[in-house]
Each structure stands twice: as C-alpha cells, then as structure tokens.
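Every number for a ligand or one of its atoms is a count from 1 in the order of the listing.
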Amino acid sequence: MPTATGRVLDETSDAVDQVNILKARVRDHQELEPEASQTTKDKSQFRDYENACDRVKNFYKEQHEKQTMEFNIQARVDFRTQSRGKMSIWQAMEKLNTLVDDSDPDTDLSQIEHLLQTAEAIRRDGKPEWMQVVGLIHDLGKLLHFYNSGTGQWSIVGDTFPVGCAFSDKIIYPETFKVNPDFADSVYSTEYGIYKPNCGLDNVMMSWGHDEYLYLVLRDQCTLPEEGLAMIRYHSFYPWHREGAYTHLMNEHDYNLLQAVREFNPYDLYSKSDGSLDAATLRPYYEGLIAKFFPPTIQW
Ligand SMILES: [Fe+2]
Ligand SMILES: [Fe+2]
C-alpha cells in the first residue's frame, strides 16, 4: 500500500539528491570559471541551489538533532532483535516500489526505475557484474520505512556521518548539530571521540539510515566483494567521499574503498535522467545476476 509518509520520504530523498547534484555543479563551475560569479547563469544556479537547500534544511535540522550515539545504539539493538521476515532481492525491490503510488502523474521516477537505471548505467560502462548488482540493490535499505515505525525519514535518508566523535564541519549544515546532545558531550565532542587514530571505518559507527541498514543485512548474506559492500555502506557519506573529511579515522585499506565509493557515486546521482526502463524486460538478466551473489531469500 502506498502511503503519504512514503511519498514524503521519496520527495525528501529526491531533494537531498538534488542538493548534492547542485553542490557539485556549483563547485565545478567555480573551479572552471572562478570569475564567473556575476553572470546570470551563475546567479540562477545559486538560486536553484538555495531553493533546494531551503527545502532540505528542515530535514537536516531534525536529522542532525536526533542522530545521537544513544539513538544509534538502540537502532542496532532493534535491528538485531526485531524480526522483519524473509524476501528475495526482487521481492524487496517490488516492496520498495510500493513506497509511492506509481499511478500519480507527479511521481517522477519509481524506486525500481532508479535502481534499474543505476544498474544499467554501470552495465553500459562495462563494469563487473558485482557492481551492476550493487547498483540494482543499493537503495533497498529504504525498506526501513516499513519497519521503522517509531522514528522518521531522518533515520532513513539523507547524507550520513560518524557518531561518537566530533561532527565534521564538512557535513551539510554543520551548525544544526548544536542541539544534538552529543555535541556538548565530553567524549563524543572530541576529534577522535570513542575511536583511536586511523582505527579504520570498519570500526566506526555510522549514522543510522538506509545505507547502514542494508550493509548490516547483506554483510553475511551475500558474496559481493568488500568494495561492493563499501559502495552500499558509504554511498550517502558525502562528507567523506566528496568533501574528504574523516581521514583521521581511516586506515590504509579505506583509501581503496574510498576510490570504489567515488566510482559508484555518479551512477547513483546522475542516472535519474536516463529515461524510463521496462522492469519486466530487464528482470531475467538481473535475476540471473542476483542468483550469482545472493541466496534465494534474504533475512531482512
Ligand atoms: Fe541511497
Ligand atoms: Fe540511489
């Protein structure tokens, strides 16, 4: 059943993507034409950016206030203790697709279409099968919407960041963390917080959302390479993969994973305008790929 809150979640998620696209555009433009900030084109680009930002600002205000260490520990306890049943990957894609009502003409792109477009763009570029599969499934963690009744969209979508140490000023709207109880905590507010220098991101607790949830679900239930799992876990970790923050928590190996996540990002962000695809036609090919990396059903 499509729900109103599913629609809101979908719209927020799209707006978050839009801001990330516009941020990249504004930055690239500034790098290419540092003197061009007076042109009309440039001004309108900034206006687009500001408008999109306005729309997501309230979302991040809530996310940054509520993503505390305490909440994140509880989210993991709930994850381990709650039963969410078994489904195949394709069933999960179909369930995710019920997030919004497809018959609504205002809906720009269904969830399944975004997943297929990401996968198809990766396939077109001749990337390995495991990466095509990652494109196909990377947002299945949004199924949290159906399980997460006590919380809200702030615990499902949006950019992610580590908890348990100081929030980086490279995170979008860093000033909104001031009302997060961890912001003034004597340990969590320090540069390293509960972590050791260069401990590796594997040992870092990421803010709870669709990325972390899907990573935890799949970690022991698939044969994807670790680069693939990193693409899933960190695809919304913009302060890291785009802004270069949190290097003090990275180990050597994380640099390889960073490269993989950066390779994946454009397929996620820029495949949305590729035109619509027919899920039924593509299904046999992708079911074949799914069978190579996953058991028939997954424990969600
Ligand atoms: Fe995502
Ligand atoms: Fe996505």
Check whether R84 reaches the backbone of L144 with its side chain - one donor and one acceptor, N or O, closer than 3.5 Å.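 The answer is no, because no donor-acceptor pair under 3.5 Å joins these two groups.
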Does a donor on one side chain and an acceptor on the other come within less than 3.5 Å for Q111 and D139?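 Short answer, no.
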Aromatic centroids of F177 and F161 separated by under 6.0 Å: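 Yes - the distance between ring centres of F161 and F177 falls below the 6.0 Å cut-off.
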Would you kindly confirm whether Y285 and M93 end up in one hydrophobic cluster when ILVMFWY residues are joined by side chain heavy atoms under 4.5 Å apart?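 As far as the 4.5 Å side-chain criterion goes, M93 and Y285 are connected within one cluster.
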Output all residues satisfying side chain to side chain contact (heavy atoms under 4.5 Å, CB included) with T176, sequence neighbours left out; order by chain, then residue number.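 T176: side chain to side chain contact (heavy atoms under 4.5 Å, CB included) contacts with K61, H64, Y173.
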Heavy-atom count around Q74 CD within 6.0 Å, excluding the residue itself: above 12?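 It does: Q74 CD has more than 12 such atoms within range.
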Is any protein N, O or S atom closer than 2.8 Å to the Fe ion (ligand 1), and if so, which?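 The answer, once waters are left aside, is D139 OD1, H210 NE2, H235 NE2.
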